[in-house]
Each structure stands twice: as C-alpha cells, then as structure tokens.
Novice: 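Structure in structure tokens, see below.
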Amino acid sequence: MSISSRTSRTVRILGVASATAALALGTAGTALACNIKDFSAVASCDDNGKGVITVTDKDGSRQKATVSVFLSTDGSETKIDEKEVTGTREGATVTFSEDWAPGATYRIHVKAGKNLVDEDIKPNLTAPSKACASSEPAPEPSETTPSAPEETAPATVEPTASAPESSEAAEPSAEASASDSAAPAAGGENFPSPAAGTSNLAETGSSSSTPLIAGIAAVLVVVGGGAVFFGMRRRGASKA
C-alpha cells in the first residue's frame, strides 16, 4: 500500500514537471519573436554639436528591420531617411543625421519580416526644448588692407611728371588684388542617404530553433500524461 502511494505520488510529480517544462519552452519560443516594444528612439546631439536621431533595436531573435523617420509638421509629413538594423539582446543602434528644431515631432515606423512588425514606435518622438550648439567656430568677416598702396608708394621721393601715372596704376592693381582675395564661400556638403532595400528581410520572426523546441515540448507533454495515467491505474488496482 505504501509502495503504491509513493509510486503514484512520483508519477504525478513527473507529469506536472513535464507539463511545466513544455509550457516554459513554448513561452520562451514566443518571447524570441520580434516585437515593436523592442524598439526605442531618442533625439540628441553628437560630438560635433549636430542633431541626430538614434533608434535602438533590442530584438534577441536578430531579425532584420527597416526603420523610417518622418518629420510631422502641421498635419503633413516629410520623410527624413530610411535605414536597416539587425537587433541584438544588448541593443543595436542606427543613427539618422537630422538638424532637429526644439520641440519638433517625428514619427518612426518599423517594418520587420513579412507580417511580423509593421508599426510606429509609440508615442511619437519629440525633440528636446534646447537646440544643439555646433562646435564649429563662426566664420570671421574678411578684413581689407587699404594700407597696401601706402606701403608700396615711396614716401621720400619728390613728385615728378611721371609720379601721378605710377600712383594711378598702383591703385587699380591694389583694388584687383583685394577683389581677388574675397572669394565666395564654398557651398555646404551634401549628405546623400542610401536607399535601404527590403529584399533581405526575413520571412518569419521565429528563430531556427523554434521547431526543435516545439517537438521537445510535445514529447514532454505526452510523457507526463502517460505517467499520470499509469499512476492512477496502479492506484485503482491496488485499492481493488
């Protein structure tokens, strides 16, 4: 009688443990899937004092995703840029160069897999109330040196008939050199943004180990159920 009770209790414990393990494995497989909650965004200033928008992807399944940034202004939107990022558990980042204005609002859209993620990061990103201070010094105004003709003109030479001609010739040359030295400032650099493709996106959000996890879970459930059934049958036979 005591042996039968001990066996029945052991079988029940084994069945509960198997079911718990199966549930844990199934939950772990679901947790690995990519989710919009894995993404976050922030507006900040880089080391050069210029505005940037940084998006972080903490997707442990390493799903490749496409991130698009839109500037929202008075009900209309302007696309800033679009880039790809492959998430990690520690967090992978992608940076967009954007000279944001204080309080500006940005909508950030994430698309991963075929039907895995196709949502916006909520809430929309709002830039800080203080603009970035560029570390580049402001260009100084060009200084002209009108004293150049005075340096070239001889101070001790007495005026002669040819002196006025030489001084008149010196003045246009000084004006020409001053005009040549004032060159127009070069235009700003352009930053072309590469178009990001979406052909390399993975088709599913589950990892390659998902079928193996599901198989192990199914086997554990069957073993646990059989063990419970066997224990209850032994217990009924012993009572009879």
Novice: Where is the tightest heavy-atom contact between Thr105 and Asn124, given as atom of each residue plus distance?
Specialist: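 Closest heavy-atom pair between Thr105 and Asn124: CG2-CB, 3.9 Å.
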Novice: Using modelled atom types and a 3.5 Å cut-off, is there a donor and acceptor pairing between side-chain atoms of Asp120 and backbone atoms of Lys122?
Specialist: no
Novice: I'd like to check the side-chain hydrogen bond (donor to acceptor under 3.5 Å, both in side chains) partners of Ser68; sequence neighbours left out, ordered by chain and number.
Specialist: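 Counting only residues at least two positions away or on another chain, Ser68 forms a side-chain hydrogen bond (donor to acceptor under 3.5 Å, both in side chains) with Glu82.
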Novice: Keeping to residues at least two apart or across chains, list the disulfide bond (SG atoms under 2.5 Å apart) pairs with something in residues 42-72.
Specialist: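 Checked against disulfide bond (SG atoms under 2.5 Å apart) - neighbours excluded - the pairs reaching residues 42-72 are Cys45-Cys132.
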Novice: If I compare all heavy atoms of Ala65 with all of Val110, which pair ends up nearest, and what's the gap?
Specialist: CB-CG1, 4.1 Å
Novice: Would you mind reporting whether Lys58 and Arg89 have side-chain heavy atoms less than 4.5 Å apart?
Specialist: no
Novice: For Asp57 versus Phe39, what's the shortest heavy-atom pair and its separation?
Specialist: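 Minimum heavy-atom separation between Asp57 and Phe39: CG-CE2, 3.2 Å.
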Novice: What distance separates Gln63 CD from Thr86 OG1, expressed to the nearest 0.5 Å?
Specialist: 8.5 Å
Novice: Is there side-chain contact between Ile108 and Ile53, with at least one heavy-atom pair below 4.5 Å?
Specialist: yes
Novice: Any side-chain heavy atom of Phe96 within less than 4.5 Å of one from Thr54?
Specialist: no
Novice: Are any non-hydrogen side-chain atoms of Ile121 and Ile36 less than 4.5 angstrom apart?
Specialist: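 Contact flag for Ile121/Ile36 side chains = yes.
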Novice: Any pair with a residue in residues 90-106 that passes salt bridge (Lys or Arg N to Asp or Glu O under 4.0 Å), sequence neighbours left out, goes on the list, sorted by first then second residue, please.
Specialist: none
Novice: For Asp46, check salt bridge (charged side-chain N to carboxylate O under 4.0 Å, His left out) against everything at least two apart and list the hits.
Specialist: none
Novice: Mind checking what makes salt bridge (charged side-chain N to carboxylate O under 4.0 Å, His left out) contact with Asp118, not counting sequence neighbours?
Specialist: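 Once residues adjacent in sequence are excluded, the partners of Asp118 under the salt bridge (charged side-chain N to carboxylate O under 4.0 Å, His left out) criterion are Lys111.
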Novice: Using 0.5 Å steps for rounding, measure from the CG atom of Leu116 to the SG atom of Cys34.
Specialist: 5.0 Å
Novice: Taking only residues two or more places apart in sequence, or in another chain, which ones meet Glu77 in a salt bridge (charged side-chain N to carboxylate O under 4.0 Å, His left out)?
Specialist: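 In terms of salt bridge (charged side-chain N to carboxylate O under 4.0 Å, His left out), with neighbours along the sequence ignored, Glu77 is linked to Arg107.
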Novice: Mind listing the closest non-hydrogen atom pair of Ala127 and Trp100 along with its distance?
Specialist: CB-CE3, 3.6 Å
Novice: Do Val67 and Lys83 have side chains that get closer than 4.5 Å, going by heavy atoms?
Specialist: no
Novice: Are any of the side-chain heavy atoms of Val55 and Ser40 separated by less than 4.5 Å?
Specialist: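 No - every pair of side-chain heavy atoms lies 4.5 Å or more apart.
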Novice: How long is the straight-line distance from CG of Asn48 back to OG of Ser97, given to the nearest 0.5 Å?
Specialist: 10.0 Å
